[in-house]
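Take a look at the structure below.
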Amino acid sequence: MSYNFQEIETKWQKYWSKNQTFKVTEDSSKPKFYVLDMFPYPSGAGLHVGHPLGYIASDIYTRFKRLLGYNVLHPMGYDAFGLPAEQYAIQTGRHPAETTADNVTRYREQLDGIGFSYDWSREVQTCDPKYYKWTQWAFIQMFDHYYDLDANKAKPISELLSKLEEGGSSAVNAHAGEIEEFSASDWKSFDTKKREMTLQLYRLAYLADTAVNWCAGLGTVLANDEVKDGLSVRGSHPVEQKKMQQWCLRVSAYAPRLLDGLDGLDWSDSLKEMQKNWIGKSVGAELCFKAKGLDVEFDIFTTRPDTVFGATFMVLAPESELVELVTTSEQKSAVDAYLLETKKRTERDRLADVKRVSGVFTGSYCIHPFTGKEIPIWIGDYVLGGYGTGAIMAVPAHDSRDYAFAKHFDIPMVQVVSGGDISVESYDAKEGKMMNSDFLDGLDVKEAIKKMVDEVDSRKLGIKKTNYRLRDATFSRQRYWGEPFPIYFKDGIPHTLSVDDLPLELPEVDKYLPTEDGQPPLGRAKNWKTKDGYPLEMSTMPGFAGSSAYYLRYMDPHNEKELVSKDANNYWQDVDLYIGGAEHATGHLVYSRYWNKFLFDIGFVCKEEPFKKLVNQGMIQGRSNFVYRVKGTQKFVSLGLKDQHDTQEFHVDVNIVNNDCLDMEAFKAWRAEYQDAEFVTEEVDGKQVYKCGYAVEKMSKSMFNVVNPDTIVDKYGADTLRLYEMFLGPLEQSKPWNTNGIEGVHRFLKKLWALFYKEEEFIVTDEKASKEEHKVLHTCIKKVLTDVDTFSFNTSVSAFMICVNDLAKIKCNKKEILEQLTVLFSPFAPHFSEEIWSALGNTTSISFANAPKLVESYLVESTHKYPVSFNGKMRFLMDIALDASKDEIEKTVLESEEAKKWLEGKTIKKMIVVPKKIVNIVVG
RNA sequence: GGCCCGGUGGCGGAAUGGUAGACGCAGCGGAUUCAAAAUCCGCCGAUGGCAACAUUGUGCGAGUUCAAGUCUCGCCCGGGCCACCA
């Protein structure tokens with residue numbers, strides 16, 4: 001009986017589904033383990049061979065944990081709201097819900113074909129009202145909370161209200177917007193509208209006029225992480241800054257905790273680094289500068305208070321409100337012209353030529369707080385309105401950007417730190433002795449920073465300050481296919497719906513485009529009002545809303561009363577292992593942590609950090625193939641000959657290319673335009689072939705380099721696909737997909753099969769296994785078990801191959817060996833293993849076989865190969881007992897024939913014995 | 001510009017500081033076969049040699065060590081992330 005993978009795989013997939021083998025329930029008698037995959041967006045293109053890489057790794061890990069007796073939660077679902085479905089709806093008129101459902105069906109078929117052990121009874125879809133009810137619920141909670149800095153956590157707005165009533169704004173220490181101070185009696189005098197506008201400055205989910213990334217091409221605003229190089233990540237449309245009223249989440253309140261929390265996480269250094277950069281903590285001071293002759297003073301933020309004596313001018317961001325106040329009448333026209341020019345320059349232009357220096361003088365001067373000298377106030381677009389205070393002190397001698405500005409406008413500079421040559425470039429390093437700096441002279445930079453901060457503090461010129469780069473998240477999208485906000489407006493004041501009225505379902509619209517008067521698509525919905533006739537919010541939530549707490553919902557997916565019950569949350573706690581792509585480092589993984597910390601603050605979840613360990617699988621790139629056509633002909637020349645002709649390069653479908661050799665008949669049949677193709681072949685290894693060129697590119701339809709998992713499953717089976725994806729290389733590394741090596745892995749499965757299936761029959765003997773057979777098996781067990789913890793599944797697959805090769809050589813068909821090997825192998829090739837497992841007479845799934853028994857039973861080899869060398873040169877290997885002492889090792893080596901031969905007539909100067917590693921003898 | 005990761009045969013890639021190139025692909029030679037597929041066996045970094053073997057060899061240059069692909073320092077190259085963040 002040959003290895004019929006199709007029959008076997010269908011059989012076991014049916015079995016798992018029928019018996020609900022992977023369904024889990026909370027079971028306090030077993031330790032829990034939670035393995036999570038980043039759920040996919042179900043796109044119309046279906047899965048390509050790169051998508052399942054992480055899923056396969058997590059499935060292997062899950063199956064191992066299950067074998068070791070853990071109760072493993074391993075769920076899957078879909079991040080189903082999003083732009084592509086909506087864009088498609090605009091073009092075709094088909095409802096996004098419909099196309100999304102189709103795509104989900106297709107995804108499910110593909111996933112099922114690979115034999116994953118998901119508990120599908122816990123599936124979630126973010127576009128399902130039963131699910132997004134809880135996304136809306138969380139938003140209401142955020143609306144009803146503010147961030148209290150004394151308690152260092154979120155607190156209910158009701159508590160804020162009583163504090164304001166009692167003591168006005170000074171009674172509250174909160175992370176909030178810019179609040180003009182008011183007393184308790186002021187508060188009482190405020191009308192409803194004024195009160196709500198004030199509360200908006202405190203709420204964690206709030207409405208604000210903010211500069212947003214407006215994407216006209218998509219007709220919506222985008223979050224910072226949805227914009228790259230001034231273009232939208234989805235669709236590459238230009239993005240510009242625009243002021244709009246938007247819902248925002250006060251993520252910045254959590255910046256310190258998001259940063260500190262990273263320390264306790266088992267994430268890769270590079271990923272932590274990315275988050276650190278994104279949060280962007282910088283410690284410095286805020287200094288107050290007074291404008292000369294005007295009743296204007298303003299703060300600037302600097303990380304280098306030590307260089308204050310080198311400040312020779314000030315720069316304001318073009319967006320700064322101060323611009324108006326300090327511009328003199330003589331400079332007004334120049335300033336206005338400059339402001340107009342910068343407004344026209346989109347973010348994209350600014351990024352395109354960072355080196356371009358531009359700015360304008362305001363006509364006013366500041367008084368230097370220490371020297372009393374007058375220094376000019378400029379406007380420059382290299383200062384950002386959104387960071388710090390939107391104003392800086394410029395120290396051209398020690399900041400390269402200030403330096404470029406000063407050079408361009410011919411502003412003087414003063415060196416205050418020794419080192420470098422400021423006639424050539426600025427000296428930015430935080431090293432050297434202070435000079436030209438009055439009371440700081442002679443100090444080290446680090447000492448000077450400290451001293452200056454103290455000085456500023458005692459003279460009341462400013463305060464020590466920590467800034468974060470992390471911005472509040474804009475949470476409104478002017479789109480259709482997203483969660484509606486549970487918000488209505490009464491006299492222009494936002495109110496939340498009652499939780500009992502959730503979910504607020506997405507209404508039907510006639511078209512998925514904005515309305516004629518520029519309202520979002522929900523403006524087209526009939527009766528988009530509350531029962532009492534108040535208008536509902538028309539924008540929808542962004543993509544990250546639904547993905548921010550999905551891991552909690554999996555714990556208790558059918559609960560209609562809560563996002564997750566206390567019991568379920570206490571049992572599953574947090575995600576032990578999270579596998580997904582590094583592209584979510586600054587988006588999803590920041591928002592999710594924020595969301596979870598907030599739920600933790602309000603006592604809703606038991607863990608502050610959601611993802612204990614995180615592994616990033618590498619991207620699988622496409623490997624494209626090319627053919628070369630002689631211009632103006634139907635003649636195609638092989639790679640090695642293309643330089644002799646004037647050729648054009650074309651992508652060719654990688655599925656009709658084998659080892660870079662083109663299947664010429666398939667090529668003619670591929671597309672009508674190529675049916676008359678002629679080929680000029682070249683000789684490779686004595687054969688005439690058409691050799692294709694290749695390149696590593698993104699996997700995409702237009703490059704004809706997409707390889708579908710179904711094609712591989714049809715041809716080789718799911719187990720081969722699983723093994724091969726793991727065999728390809730280290731999990732975390734990016735690599736191009738190349739189907740070439742898959743035969744080797746498939747051959748290995750056939751070989752293992754053939755060990756026990758002879759002449760149409762499954763044959764094993766009950767004979768006791770020999771020492772040699774045990775050694776072969778145990779070497780494999782040891783290797784695989786150590787690999788599991790480091791996710792080195794590529795070398796595990798190699799270990800299985802070696803094991804099977806060795807067993808084949810000694811013609812082993814012992815039941816004892818096969819039983820253990822199969823259990824060990826089952827996470828990698830589950831269908832294959834189930835088949836053998838049942839052939840061995842077992843009636844239950846191998847998924848719950850007792851692996852601890854297997855682990856205990858494996859013996860460590862009793863001897864070890866010691867390399868023995870003389871004078872530092874390797875000469876031979878010796879078998880020495882593993883538990884031998886240093887003296888015994890020395891004795892065994894010196895008494896061996898080989899050593900005697902080598903040592904004849906020589907004296908031993910030194911002998912180095914490193915147990916389990918080496919014996920090294922230096923002779924004189 | 002800053003930070004992170006990597007550089008090993010024709011290719012993908014193995015090597016707790018200890019026989020570099022495991023395992024697989026491709027290639028070559030052989031067995032089986034009327035022939036092919038499938039399967040099995042052997043060879044497979046470079047140079048020299050019929051061979052045993054010798055020399056050399058992990059991007060470049062130094063260093064630590066009895067011993068370096070691995071550790072340290074300085075370069076070169078490639079990839080990723082961030083980037084006018086004061």
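The shown structure was predicted, so the numbers you read here are calculated from the model rather than taken from an experiment. Residue numbers begin at 1 in each chain, while the letters A, B, ... track the order of the sequences.
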Open item on the list: Using the ring centroid of each side chain, check whether A:F832 and A:F800 are separated by less than 6.0 Å.
Closed with: no
TODO: Taking only heavy atoms on the protein side, list every residue of residues 392-399 of chain A lying under 4.0 Å from any atom of RNA chain B, sorted numerically.
DONE: A:I392
Open item on the list: Tell me if the aromatic rings of A:Y757 and A:Y3 count as close, with their centers under 6.0 Å from one another.
Closed with: no
Open item on the list: Just the rounded figure in Å: distance from P of B:A86 to CG of A:D402.
Closed with: 12 Å
TODO: With heavy atoms under 4.0 Å as the rule, sort A:E732 into base, sugar-phosphate or nothing.
DONE: nothing
- [ ] May I ask you to verify if any side-chain N or O of A:N805 is less than 4.0 angstrom from the OP1 or OP2 atom of B:C23?
- [x] no
TODO: Evaluate whether atom NZ of A:K464 has more than 12 neighbouring non-hydrogen atoms of other residues, nucleotides or ligands under 6.0 angstrom away.
DONE: no
Open item on the list: What's the closest nucleotide to the side chain of A:W278 if the choices are B:C82, B:G13, B:A86?
Closed with: B:C82
Open item on the list: Side chain of A:T795, heavy atoms from C-beta onward: which of B:A15, B:U39, B:C23 has the nearest atom to it?
Closed with: B:A15
Open item on the list: Is the phosphate of B:A83 approached by A:R469 (side-chain N or O, under 4.0 Å from OP1 or OP2)?
Closed with: yes
- [ ] Kindly point out which of B:C84, B:A86, B:C23 is positioned nearest to the side chain of A:Y382?
- [x] B:C84
Open item on the list: Between C1' on B:A86 and CD1 on A:I449, what's the gap in Å once rounded to a whole number?
Closed with: 13 Å
TODO: Could you label the plane-to-plane angle of the A:F793 and A:F828 rings as parallel, tilted or perpendicular, counting under 30° as parallel and over 60° as perpendicular?
DONE: perpendicular
- [ ] Scan A:K751 against the nucleic acid and name what it touches under 4.0 Å (heavy atoms): base, sugar-phosphate only, or nothing.
- [x] sugar-phosphate
TODO: Respond yes when some side-chain nitrogen or oxygen of A:Q733 is under 4.0 Å from OP1 or OP2 of B:G79, and no when none is.
DONE: no
Task: Whole-Å gap separating P (B:G7) and NZ (A:K735) - done: 14 Å
Task: Donor + acceptor pair across side chains of A:Y468, A:S252 (<3.5 Å) - done: no
Open item on the list: Working to the nearest 0.5 angstrom, can you tell me the gap between A:T362 OG1 and A:L322 CG?
Closed with: 10.0 Å
TODO: Output all residues satisfying side chain to side chain donor-acceptor pair (under 3.5 Å) with A:S798, sequence neighbours left out; order by chain, then residue number.
DONE: none
Open item on the list: Tell me the interatomic distance from A:L723, atom CG, to B:C25, atom P, rounded to whole angstroms.
Closed with: 14 Å
Task: Identified stems (criterion: three or more consecutive Watson-Crick or G-U pairs, under 3.5 Å), RNA chain B - done: B:1-7 with B:76-82, B:10-12 with B:23-25, B:27-31 with B:39-43, B:45-48 with B:53-56, B:59-63 with B:71-75
Task: Flag if over 12 foreign heavy atoms under 6.0 Å of CG, A:D421 - done: yes
Task: Non-neighbouring partners of A:K751 that pass side chain to side chain donor-acceptor pair (under 3.5 Å), sequence neighbours left out - done: A:N805
TODO: Anything under 30° is parallel, anything over 60° is perpendicular, the rest tilted; go ahead and classify A:Y382 against A:F405.
DONE: tilted
- [ ] Ignoring backbone atoms, test whether A:R747 places a side-chain nitrogen or oxygen under 4.0 Å from the OP1 or OP2 oxygen of B:C25.
- [x] yes
Task: Phosphate contact (B:A86 OP1 or OP2) by A:Y387 side-chain N/O below 4.0 Å - done: yes
- [ ] Select base, sugar-phosphate, or nothing to describe what A:N467 touches, counting heavy atoms under 4.0 Å on all strands.
- [x] nothing
TODO: Quick one: sort the A:W378 and A:F409 rings into parallel, tilted or perpendicular, breaks at 30° and 60°.
DONE: tilted
Open item on the list: Using a 4.0 Å heavy-atom cut-off, does A:P730 contact any base of the nucleic acid, only the sugar-phosphate backbone, or nothing at all?
Closed with: sugar-phosphate
- [ ] Would you mind classifying the nucleic acid contact of A:N794 as base, sugar-phosphate or nothing, using non-hydrogen atoms under 4.0 angstrom?
- [x] sugar-phosphate
Open item on the list: I'd like to check the side chain to side chain donor-acceptor pair (under 3.5 Å) partners of A:S734; sequence neighbours left out, ordered by chain and number.
Closed with: none
Task: Rounded distance (Å) that lies between atom C1' of B:U39 and atom CZ of A:F748 - done: 17 Å
Open item on the list: By the rule that syn is within 90° of 0, classify the base conformation of B:G78 as syn or anti.
Closed with: anti
- [ ] Would you mind reading off the distance between A:F793 atom CZ and B:G13 atom P, rounded to a whole angstrom?
- [x] 18 Å
Grab the N/O contacts between the protein and nucleotides 3-6 of chain B below 3.5 Å, and write none if there aren't any.
{"unit_1": "B:C3", "atom_1": "O2'", "unit_2": "A:E273", "atom_2": "OE2", "d": "3.4"}

